[in-house]
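Notes follow the structure.
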Amino acid sequence: MLIPFRPISAADAEVLRSYTMQSNCMNCDMNVANLCSWQFLYHTEYAEVDGFLLLRFLLDGQVTYMKPMGKGDLRSILQLLIADARSLGDTLRMACVCPCARDVMEEAMPGAFTFTTNRDSADYLYLREKLVILAGKKLQPKRNHINKFKRLYPDYEYRPLTAELVPECLRLAEEWCLTNDCREQRAAMAEQRMMAYALNHIEELQILGGTLFVEGRMVAFTFGARINKDAFDVCVEKADTNYEGTYAMINNEFAARIPEDITYINREEDLGLEGLRKAKLSYQPDLILDKMTATLTAQPSESEEERQVRFETRHLWESSFADPRAFIDLYFREKYRTERNEVIQRDGRVVAALQKLPYPMTYGGNLLPASYISGACTDEAYRRRGLMGELLNQAHRSMQTEGALFSFLIPATPELFAYYAKFGYTPCFRFGWKTVKANGMVPSDGSLMVDVVDQPSDCLAYLRAKMQERPLCVQHPISDLRAVADDMRLAGDTMWVTRRGDNIVALAICRNETDGTLLRECIYDDKEAHDALINAIASHYGRTELDVLDTTGHEGDFFGMARIIHAEDMLGLYAQLHPELSLALSVTDELLTENNGHYRLEGGKCHRLTEPCPSAEPHTIAQLTHRLLTEENPLMSLMMND
């Protein structure tokens, strides 16, 4: 089953709240305002399946899920998520799992998950009444700060946060950002964007907030939203520290105005920052809520029969391709899996094989499951008997069952384009280069540092995150990028990065050859970081220009092909991508006949018709693939094919 995930927005808040308000989890990550406002960073998606709310997002470049919320058969829902993660090339991982959720998951699938805790991500919860009264000796310093604020600014004014005050809040946030030099901190800049979104959707997100004014000037603001019926999450708190006691004052004033039916106020995690941890502990939390990561436990090792098939598949690969031993070792260690392998056996042994490698692909804001055909080969003694065609059809049926929306491959020779066309494949991915000249300039203030990375694995999260910003691009799971990094070392490639402070702001994968230097990937945050990277690499190799992979999808020759596996699902996504379209079409697929039919695209949706439409445009499956994929200029890079 394909889970119908779609991107979250403030327009979905009411649907999300119908689940979160019934949950007993009090972690800040389940606050709908947070889910919607941070969508730009985590690419959060949601789906409703059999009475459960499912959430999928990207964390450190890896596909991650929340524990499902709802009532029903949790075990079957978890199995759906396992299959969804597998279809995207990842192992199921769930973040922000609170202790009560862990117990329910263990009951549904005993021993299936490994749970790990990170103290830096634990939430701090306080009794609402406690933050209002601030009673006791341990909270005396807080009362002192408040009293001093009142003495210094006796005419201060507390005002509830309204839409009219949003411009003032954003002004104060910008001043705070300048004071704290957050232009150099990616996390702080992301928070600025989150605040802007939340404050511009106060009503939909049911945000409550408060502000402090001194002599008509806003000096502090805060806001948050309910997590569930018992807990309220304070998302943001900003203050001008030139006014003494502002943080303590806005905290206390706002707590006093949070609805009285709220028991706990969640003031979120400390992120491992020493100063932030000290500040949160100083309010004497009533509960430090651990949040765990649940990872699917490794599956049982392969059987003797499966080991034999792997051995024979590898032997067939070695006799069919001229790959070095080190690469084959890497491939069968990192990429080969029993469930990915499709074979035909004759005379008691494997005589034809291919692997279906799961890869996600960005498409119009969605993350689609796709399957890459790798290592297709036939024993020389069994060629010209139609075995590869039989194997491809077998693989397509498996992909259909596994939920892959389309298949793609890289023909080993130009002649094979015509062969794969017989099975519905069409040229889809281009590979081109552009020449970038070095200008020799480097920032005079020393703010950027460029160097070669000895351990590329440290930079993979940045690489994946930047690739995920591309609107139509084959993506690499983190596990795959680790294999790519190993393959890169075998090929003699190097990885270069530009850093601004502790942050990576540009990255390139470089191959130096006799007649030029190639950048197989070049990603960056801004032009200054890009130019510094280009100049450093060019200088190192004594070049005045570099050849860089073209990422527009418009240039170069076709090197990859694709064919749609699930026509109706792909047409639905295409309709979302082009809501202006109004057309009817008929599809003919000689191999996957389930795709045959008549469809209408209108208003951003696809409808399967029961009767033919006279005006329908006829499409073979290859023509449909060309329209839905090739004409959108998709990208594919860093495949282990060169």
message: Please evaluate residues Thr64 and Gln62 with respect to the criterion side-chain hydrogen bond (donor to acceptor under 3.5 Å, both in side chains), reporting the C-alpha separation (whole Å), side-chain torsions for both, the decisive distance (0.1 Å), and the verdict.
response: CA-CA 6 Å; Thr64 309; Gln62 183 174 343; 5.6 Å; no
Report yes if some heavy atom in the side chain of [X] is under 4.5 Å from a heavy atom in the side chain of [Y]; otherwise report no.
| X | Y | result |
| --- | --- | --- |
| Val452 | Cys510 | no |
| Ile288 | Tyr124 | yes |
| Gln39 | Ser9 | no |
| Thr293 | Val97 | no |
| Tyr46 | Leu35 | no |
| Leu80 | Ser76 | no |
| Ser282 | Pro141 | no |
| Leu519 | Ile534 | yes |

N-O pairing of [X] and [Y] below 4.0 Å:
| X | Y | result |
| --- | --- | --- |
| Arg128 | Asp286 | no |
| Arg257 | Glu253 | yes |
| Arg159 | Glu168 | no |
| Glu469 | Lys466 | yes |
| Asp90 | Arg464 | yes |
| Glu45 | Arg56 | yes |
| Glu237 | Arg267 | yes |
| Arg119 | Asp270 | yes |
| Glu106 | Lys67 | no |

field: salt bridge (Lys or Arg N to Asp or Glu O under 4.0 Å) partners for Asp480, two or more places apart
entry: Lys335
Which atom pair, heavy atoms only, marks the closest approach of [X] to [Y]?
| X | Y | value |
| --- | --- | --- |
| Asn31 | Ala225 | OD1-CB, 3.5 Å |
| Arg6 | Asn366 | CA-OD1, 4.1 Å |
| Ala239 | Thr246 | CB-OG1, 3.4 Å |
| Leu81 | Pro68 | CD1-CG, 3.7 Å |

- request: Check the pair Asn228, Asp230 against side-chain hydrogen bond (donor to acceptor under 3.5 Å, both in side chains), reporting the backbone distance first and the verdict last.
  value: CA-CA 6 Å; Asn228 59 18; Asp230 297 317; 5.2 Å; no
Mind checking the [atom1]-[atom2] spacing from [X] to [Y]? Nearest 0.5 Å is all I need.
| X | Y | atom1 | atom2 | result |
| --- | --- | --- | --- | --- |
| Asp50 | Asp73 | CG | CG | 8.5 Å |
| His476 | Leu463 | NE2 | CG | 8.0 Å |
| Leu276 | Leu273 | CG | CG | 5.5 Å |
| Leu134 | Leu139 | CG | CG | 5.5 Å |
| Asp233 | Ile227 | CG | CD1 | 4.5 Å |
| Asp84 | Leu92 | CG | CG | 9.0 Å |

- prompt: Met94 and Met105: side-chain contact (heavy atoms from CB on, under 4.5 Å), yes or no, with the steps?
  reply: CA-CA 11 Å; Met94 283 181 280; Met105 289 171 60; 3.0 Å; yes
Can you tell me if [X] and [Y] form a side-chain donor-acceptor pair at under 3.5 Å?
| X | Y | value |
| --- | --- | --- |
| Ser637 | Glu521 | yes |
| Asn266 | Tyr126 | no |
| Asp525 | Tyr462 | yes |

Geometric class of the [Y]/[X] ring pair [parallel <30°, tilted 30-60°, perpendicular >60°]:
| X | Y | result |
| --- | --- | --- |
| Phe113 | Phe115 | tilted |
| Tyr42 | Trp38 | tilted |
| Tyr524 | His530 | tilted |

- request: Report the C-alpha distance between Glu269 and Ser121 in whole Å, list the side-chain angles of each, state the deciding distance to 0.1 Å, and finish with yes or no for side-chain hydrogen bond (donor to acceptor under 3.5 Å, both in side chains).
  value: CA-CA 5 Å; Glu269 60 274 274; Ser121 66; over 6 Å; no
- request: Output, in order, the C-alpha distance, side-chain angles, deciding distance and verdict of side-chain contact (heavy atoms from CB on, under 4.5 Å) for Asn144 and Lys142.
  value: CA-CA 5 Å; Asn144 291 342; Lys142 307 301 179 187; over 6 Å; no
Return a table of donor-acceptor pairs under 3.5 angstrom between the side chains of residues 23-30 and protein atoms on other chains or two or more places apart.
| unit_1 | atom_1 | unit_2 | atom_2 | d |
| --- | --- | --- | --- | --- |
| Ser23 | OG | Cys25 | N | 3.0 |
| Asn27 | ND2 | Asp29 | OD2 | 3.4 |
| Asn27 | ND2 | Cys96 | O | 3.1 |
| Asp29 | OD2 | Lys291 | NZ | 2.9 |

Verify, without hydrogens or angle tests, whether [X] (side chain) and [Y] (backbone) share a donor-acceptor contact under 3.5 angstrom.
| X | Y | value |
| --- | --- | --- |
| Thr362 | Arg470 | yes |
| Asp290 | Ala122 | no |
| Lys130 | Gln284 | yes |
| Asp526 | Ala529 | yes |
| Tyr247 | Ala220 | no |

message: Does Tyr19 form a side-chain hydrogen bond (donor to acceptor under 3.5 Å, both in side chains) with Glu48? I'd like the steps, not just the answer.
response: CA-CA 10 Å; Tyr19 292 92; Glu48 295 179 275; 2.7 Å; yes
- prompt: Do the two ring centres, one from Phe40 and one from Tyr197, sit under 6.0 Å apart?
  reply: no
- prompt: Any chance CD of Glu175 has more than 12 other-residue heavy atoms, nucleotides or ligands included, within less than 6.0 Å?
  reply: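 Yes, enclosed.
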field: Selection residues 254-294 - residue pairs positive for ring-ring contact (aromatic ring centres under 6.0 Å, His included), sequence neighbours left out
entry: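 Of all non-adjacent pairs touching residues 254-294, those that pass ring-ring contact (aromatic ring centres under 6.0 Å, His included) are Phe232-Phe254.
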- prompt: Can Arg277 and Glu274 be said to form a salt bridge (Lys or Arg N to Asp or Glu O under 4.0 Å), step by step?
  reply: CA-CA 5 Å; Arg277 179 168 296 184; Glu274 184 178 350; over 6 Å; no
- request: Please report the C-alpha distance between Gln206 and Arg226 in whole Å, then the side-chain angles of each, then the deciding distance to 0.1 Å, and finally whether the side-chain contact (heavy atoms from CB on, under 4.5 Å) criterion is met.
  value: CA-CA 8 Å; Gln206 294 188 1; Arg226 278 184 182 266; over 6 Å; no
message: Does Tyr156 form a side-chain contact (heavy atoms from CB on, under 4.5 Å) with Lys150? I'd like the steps, not just the answer.
response: CA-CA 8 Å; Tyr156 84 91; Lys150 290 179 177 179; 4.0 Å; yes
